Enquirer: 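Okay, here's the structure, questions in a sec.
Here is the naming used below: chain letters follow the sequence lines, and residue numbers restart at 1 for every chain. These numbers were taken from a predicted model, which means no experiment stands behind them.
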There are 4 protein chains.
Amino acid sequence: MNSAGRVRAAAVELFATKGFHGTGIRDLAQRAELSSATLYHYMGTKEDLLVEIMTTALQRLLDAAEQVTTEAGDPVARLRALVALHVLAHAVSPGETRVVDNEVDALSADARGRVVALRDEYEQLWARIIEDGVGCGAFHTERPAVTRRALLEMCSGVARWYSPRGPLRLEELATHYAELALRALGNPAAVDTDEVRRCREVVARVWDIPVRAGN
Amino acid sequence: MNSAGRVRAAAVELFATKGFHGTGIRDLAQRAELSSATLYHYMGTKEDLLVEIMTTALQRLLDAAEQVTTEAGDPVARLRALVALHVLAHAVSPGETRVVDNEVDALSADARGRVVALRDEYEQLWARIIEDGVGCGAFHTERPAVTRRALLEMCSGVARWYSPRGPLRLEELATHYAELALRALGNPAAVDTDEVRRCREVVARVWDIPVRAGN
Amino acid sequence: MNSAGRVRAAAVELFATKGFHGTGIRDLAQRAELSSATLYHYMGTKEDLLVEIMTTALQRLLDAAEQVTTEAGDPVARLRALVALHVLAHAVSPGETRVVDNEVDALSADARGRVVALRDEYEQLWARIIEDGVGCGAFHTERPAVTRRALLEMCSGVARWYSPRGPLRLEELATHYAELALRALGNPAAVDTDEVRRCREVVARVWDIPVRAGN
Amino acid sequence: MNSAGRVRAAAVELFATKGFHGTGIRDLAQRAELSSATLYHYMGTKEDLLVEIMTTALQRLLDAAEQVTTEAGDPVARLRALVALHVLAHAVSPGETRVVDNEVDALSADARGRVVALRDEYEQLWARIIEDGVGCGAFHTERPAVTRRALLEMCSGVARWYSPRGPLRLEELATHYAELALRALGNPAAVDTDEVRRCREVVARVWDIPVRAGN
DNA sequence: GATGAATGAGGATTCATTCAT
DNA sequence: GATGAATGAATCCTCATTCAT
């Protein structure tokens, strides 16, 4: 990896584990194996780095979500795809997702606005699908907005505990969460594993992470 | 409120919104309406304050959970109680719970050990109930551990968005989450609202927060 | 001991071991078993305390020195008495003497002037006796001023290492130092132990310290 | 002098005159003509600086002492050399030596152990030589350990009063102290000035201080 | 007498960032 | 590209001292 990449990777890892405010420029430099002055050849301010990480991560998730839900068919299939994608993204790049989920408050008002707008746009995908499912009788929930938040938090939580080195394979993880989500929405249908696999391939391509047979 | 209470309240609020590392001693002092030197009459180090907040919050949750699950009957009732309690606790004191959930990494190794031990003990309550429910055929899940984590994250997420000033009343919130959890566990039984009310009363008493008719 | 005495004793002990600047008001309070606010009933400022310790210690030494040298006869006897007294004083109250010797620089200019004046007055006693001894042919030294300083440092050093709990008795210590001093002054006469005993009695009386048979 | 050198020189001077605890980081910065933040480019903590000063000073003294005593012949010559070296070192770098002598108590337990070990090693040189001299009948003292301490304190005291700008030249100072020491040890032999000159040359070389004809 | 509460000033140290080389 | 040197501002925390009770 080149220096710029090492800086970004270091930032993701440290921001995710120690928090933005808990991470010093010297920590970043050490992890990236550069002097702290050299860091500034590859980044603007520390906050710029955070903003870049957050927006690209959210944009990537948003793009992939639009892709997989467009490909899928009915609300059930689209929700399955959305859950699978979300869970896989959080399992495959827990650093970025934890930063996105936890460090919004560290942003300046201006940057926060842009990040929150992206996040809202993404959540709207969920809202629309759930709404559609309720509309066509596939989902049953008295409080769609509450349910949506509950499901999102449930899925995002994956980044807090899942390890690719554990026994649970990525597809199994995604399948299980899709099942949980559909049950919670009152539609305990069996999950089509082909769909999950398709999501996994999208993730592999978009996140540029070799998803090995192992998981 | 006295000075000591104001310090603690300020810490909870600021740690929850800006993070431990994002909160300066001067922020705390300003919020508590004290000079920064005076703060140190009421606390040890900043970390001591964090530890105190975390351990009392966790201990309170743990005690209340043991109480409500002991009172309840079968695994279904116990899980309902546990979910309701957890959700209510997170809705009623979102500050404390967010601190507990987000700032574990800010602790020194020693303190982290103690806090994580408490958290593990609490999670064991969930694990045992889910296990019992699966054992007696009430719950259906292929991966109890994964499901447990999913449900915990789902319920904890309440602290991130619920506002007591919104239209959703506390009991409705708890009831809805209990329903979601039971569905996810493959047992879409109707939720007994008496049980939820009992939990709400426990919360009102233990957290010493007047749960008004309004929510 | 009463509170005022405990404060003074604590100050002597702590100033001697940790230095004036290394000793905090809280250290003093803890050692004196008082609250730090209560300290101020028994003292002025921290520096006042230091000044009081230094001046009384120096004044006491000066008075005793004048007494024992007036009682003694020829320069040899007077020097023996002076050495014995100095050594005994440093052995018997190492705290005070270390403070006097080491903390002069911690004083404000004003107080320093007064303390240094006392110290100079005391050193003049030494100077005069050495001068007399050289004059009457009892002492031989080419540089009386250098020799005087050398002997004073040698004798003051006792406060850095002597312990009354060790095997060396006070009189033996004083006798040995008197011998060293006289040798250094070119007059290796045997030391009269009666004289040393008289000095010891003066020390016992003036310093109000029970000199037990043990040492 | 470069910045690092200025920091060290400032520390020696200030620690020597105001004590470790009496010297603030701002004092150091001002004396070194750097901002207090820049100080930390050239040092670790304030204590690290103290430890470095102490250990290098002691090590230098120890090395030089081993050199001059190895070169010298009988115990009398070796003691003369040791006294001369000690006195010259204290006269030539009074700052370092006063720090070594006075600030041991300011060290943390760990560092203190290392420093005291060095000091003990140095004192052992004195102990062995005195012991040898007593063994071969050159020295007469009933209490070698007490005498050793007395002589060491006497010689170290030089750093408290000697000024190279006074009338007393370095060689005269060292010669006089060697004479005092030998007298105190019961061997009032004349002091070989060649030996003292050799010590002075060692000091000039090891301490890298140009010993001018003037003193 | 005694003390808990209070504080402005200062303690050592680290911060993110710049810039000349 | 890369970095050692540099710094003003900020970090957490302790200082000696006062005062109302």
Enquirer: Answer yes or no: does atom CD of E52(B) have more than 12 heavy-atom neighbours from other residues, nucleotides or ligands under 6.0 Å?
Expert: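 Atom CD in E52(B) is crowded, with more than 12 foreign heavy atoms closer than 6.0 Å.
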Enquirer: Measure from the side chain of H41(A), starting at C-beta and using heavy atoms only, and say which of dG1(E), dT17(E), dG1(F) lies closest.
Expert: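 Minimum distance to the H41(A) side chain belongs to dG1(F).
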Enquirer: Select one nucleotide: of dG8(F), dT17(F), dC13(F), the one nearest the side-chain heavy atoms of A37(D).
Expert: dG8(F)
Enquirer: Given atom CZ of R6(D) and atom P of dA5(F), what is their separation to the nearest angstrom?
Expert: 12 Å
Enquirer: Just how far is it from atom CG of D105(D) to atom NZ of K18(C), taken to the nearest 0.5 Å?
Expert: 10.5 Å
Enquirer: Please report the distance, rounded to the nearest Å, between CD in E33(D) and C1' in dA6(F).
Expert: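 Rounded to the whole Å, the gap is 15 Å.
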Enquirer: By nearest nucleotide on DNA chain E, pick out whichever of M43(A) and T23(D) is the more 5' one.
Expert: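 It is T23(D), whose closest nucleotide lies nearer the 5' terminus.
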Enquirer: Counting side-chain heavy atoms from C-beta on, which of dA6(E), dG8(F), dT14(E) comes nearest to S35(D)?
Expert: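 Ranking dA6(E), dG8(F), dT14(E) by closest atom to the S35(D) side chain puts dG8(F) first.
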Enquirer: Give none if dC13(F) has no partner; otherwise give the nucleotide forming a Watson-Crick or G-U wobble pair with it, both distances under 3.5 Å.
Expert: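 Matched dC13(F) with dG10(E) under the 3.5 Å cut-off.
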Enquirer: Between C1' on dG4(E) and CG on L34(C), what's the gap in Å once rounded to a whole number?
Expert: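 Checked: the CG to C1' distance equals 14 Å.
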Enquirer: Below 4.0 angstrom from OP1 or OP2 of dA6(E), is there any side-chain N or O of S3(B)?
Expert: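 It does, given that an N or O in the side chain of S3(B) lies less than 4.0 Å from OP1 or OP2 of dA6(E).
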Enquirer: Are T38(A) and dA2(F) close enough that a side-chain N or O sits under 4.0 Å from OP1 or OP2?
Expert: no
Enquirer: Could you check how far CG of L39(C) sits from C1' of dC19(F), rounded to whole Å?
Expert: 16 Å
Enquirer: Whole angstroms only, please: what is the CG-C1' distance between L14(B) and dC12(F)?
Expert: 16 Å
Enquirer: Please state how far atom NZ in K46(D) lies from atom P in dT14(E), giving the value in whole angstrom units.
Expert: 14 Å
Enquirer: Does any nucleotide pair with dT21(F) by Watson-Crick or G-U wobble geometry, both distances under 3.5 Å, and what is it?
Expert: dA2(E)
Enquirer: Between the side chains of E13(A) and R98(A), is the shortest nitrogen-to-carboxylate-oxygen separation below 4.0 Å, so that they form an ion pair?
Expert: no
Enquirer: Are V104(C) and M54(C) packed together at the side-chain level, in the sense that at least one heavy-atom pair is separated by less than 4.5 angstrom?
Expert: yes
Enquirer: Can you tell me if the side-chain N/O atoms of R26(A) get under 4.0 Å from OP1 or OP2 in dT14(E)?
Expert: no
Enquirer: Taking the nucleotide of DNA chain F with the closest heavy atom to each, which residue, G24(C) or Y42(A), is nearer the 5' end?
Expert: Y42(A)
Enquirer: When you match D27(B) and S36(A) each to their closest nucleotide on DNA chain F, which lands nearer the 5' end?
Expert: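 It is S36(A), whose closest nucleotide lies nearer the 5' terminus.
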Enquirer: Salt bridge or not between R119(A) and D101(A)? Use side-chain N to carboxylate O under 4.0 Å.
Expert: no
Enquirer: In whole angstroms, how far is the P atom of dA16(E) from the CG atom of L49(A)?
Expert: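 Whole-Å distance recorded here is 12 Å.
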Enquirer: What is the distance from NE2 of H21(A) to C1' of dT14(E), rounded to the nearest Å?
Expert: 16 Å
